[in-house]
Amino acid sequence: MKEISITSTFTVFDSISELPTDVISLMENAIEIRKTAYAPYSHFRVGVAIELDNNEIVLGTNQENAAYPSGLCAERVAIFSAGALYPNAKITRMVISATSDQNPTLTPIPPCGACRQSISEYEIKQNQPIQIYFMGESGSVYKSDSLKNLLPLLFDKKLL
């Protein structure tokens, strides 16, 4: 038997104002679009802005449904929209902002497991890392240089 250690490294910004200017603009898009999330059940609103290598910005919000689990997370709404609208573009950055109508979200909220798996599919397909920035409604912003940092033991088509 042996033991392995897997570590993840993040860059932590104390607030949005510390981000690079172009990332601030993306995060402002994510914050604004999260207000339009359809979240009548969880009251948890997520907004995502994706930057593509063709300079297009694709937005997404979570979309809930009374027939759980028929809804879709904001990250997958945005990434699937990007894949459908711009199939040959590469995703360079994804920014995520989440808030609750009922409780303060003052710590960074990362993508859920299903979203991580979906993001990994695109990162592998494009053979280029996707920078991921995530935050709550305010406070610190975490940056991951690649989805592999959030999901180090990837499941992909090579394993099928």
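Because the structure is predicted, anything quoted here is derived from the model rather than measured. All residue numbers refer to positions in the sequence shown, counting from 1.
Here the side chains of Pro111 and Cys73 are not in contact, with every heavy-atom distance at 4.5 Å or above. Taking the side chain as every heavy atom from C-beta outward, Asn88 and Tyr86 never approach each other to under 4.5 Å. Between Met94 and Ile119, some side-chain heavy-atom pair lies under the 4.5 Å cut-off. Residues Pro129 and Glu123 meet the side-chain proximity criterion, which asks for heavy atoms closer than 4.5 Å. In this structure the side chain of Val12 never reaches within 4.5 angstrom of the side chain of Val141, judged on heavy atoms. At a threshold of 4.5 Å between non-hydrogen side-chain atoms, the residues Ile132 and Tyr142 do not count as touching. Using a 4.5 Å cut-off on side-chain heavy atoms (C-beta onward), Lys143 and Phe10 make no contact. With contacts defined as side-chain heavy-atom distances shorter than 4.5 Å, the pair Ile31/Ile16 qualifies.
By the criterion of side-chain heavy atoms lying less than 4.5 angstrom apart, applied directly or through intervening Ile, Leu, Val, Met, Phe, Trp or Tyr residues, Ile50 is not grouped with Ile24; the two fall into different hydrophobic clusters. A single hydrophobic cluster is not seen to contain both Ile96 and Leu26; linkage of ILVMFWY side chains at heavy-atom distances under 4.5 Å, directly or through other members, places them apart. Ile33 and Met135 fall within the same hydrophobic cluster, where Ile, Leu, Val, Met, Phe, Trp and Tyr residues are linked whenever their side-chain heavy atoms come under 4.5 Å apart, directly or through other members. The cluster map of Ile, Leu, Val, Met, Phe, Trp and Tyr, joined by side-chain heavy atoms under 4.5 Å apart, puts Leu52 and Ile124 in the same cluster. In the hydrophobic clustering of ILVMFWY residues, with side-chain heavy atoms under 4.5 Å counting as a link, Phe13 and Phe134 come out apart.
Residues Leu19 and Met27 share a closest heavy-atom pair of CD1-CB, 4.5 Å. Across all non-hydrogen atoms, the minimal contact from Val58 to Ser81 is CG1-CB, 3.8 Å. Minimum heavy-atom separation, Arg45 to Arg34: CB-O, 3.5 Å. When all heavy atoms of Thr9 and Asn149 are compared, the closest pair comes out as O-ND2, 2.6 Å. Closest of all the heavy-atom pairs between Gly60 and Val77 is CA-CG1, 4.0 Å. The nearest pair of heavy atoms linking Tyr41 to Glu64 is N-OE1, 2.9 Å.
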Quick one: do Val23 and Ser25 satisfy side chain to side chain contact (heavy atoms under 4.5 Å, CB included)? Show the steps, please.
CA-CA 5 Å; Val23 179; Ser25 178; over 6 Å; no

Please lay out, stage by stage, how Phe155 and Leu160 fare under the test side chain to side chain contact (heavy atoms under 4.5 Å, CB included).
CA-CA 9 Å; Phe155 177 85; Leu160 298 176; 3.6 Å; yes

Test side chain to side chain contact (heavy atoms under 4.5 Å, CB included) on Leu151 and Gln117 and set out the steps.
CA-CA 8 Å; Leu151 188 66; Gln117 184 63 38; 3.9 Å; yes

Could you walk me through whether Val48 and Thr61 pass the side chain to side chain contact (heavy atoms under 4.5 Å, CB included) check?
CA-CA 6 Å; Val48 171; Thr61 63; over 6 Å; no

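With hydrogens and angles disregarded, no donor-acceptor distance shorter than 3.5 Å links the side chain of Ser70 to the backbone of Ala66. One N or O on the side chain of Thr92 and one on the backbone of Glu51 form a donor-acceptor pair closer than 3.5 Å. A donor-acceptor pair under 3.5 Å links the side-chain atoms of Asn62 to the main chain of Phe44, judged by distance alone. Between the side chain of Asp53 and the main chain of Ala89, no donor-acceptor pair closer than 3.5 Å is present. A donor-acceptor pair is defined here as one N or O able to donate and one able to accept, closer than 3.5 Å; such a pair exists between the side chain of Gln126 and the backbone of Ile91.
For Glu32, the salt bridge (charged side-chain N to carboxylate O under 4.0 Å, His left out) criterion is met by Lys35, not counting sequence neighbours.
Counting heavy-atom neighbours within 6.0 Å of Asn127 CG, excluding the residue itself, gives a total of 12 or less. With a 6.0 Å radius and a threshold of 12 heavy atoms from other residues, nucleotides or ligands, Asp22 has its CG atom above the threshold. Within 6.0 Å of CD on Gln131 lie more than 12 heavy atoms contributed by other residues, nucleotides or ligands. Open room surrounds NZ on Lys148; 12 or fewer heavy atoms of other groups in view lie less than 6.0 Å from it.
Here the OG-CG distance, from Ser138 to Leu106, works out to 5.0 Å after rounding to the nearest 0.5 Å. Here Ile109 contributes atom CD1 and Ser100 contributes atom OG; the two are 9.5 Å apart, rounded to the nearest 0.5 Å. To the nearest 0.5 Å, atom CG of residue Leu154 and atom CD of residue Glu121 are 10.0 Å apart.
Ring pair Phe80/Tyr122 is tilted by interplanar angle, where 30° to 60° counts as tilted.
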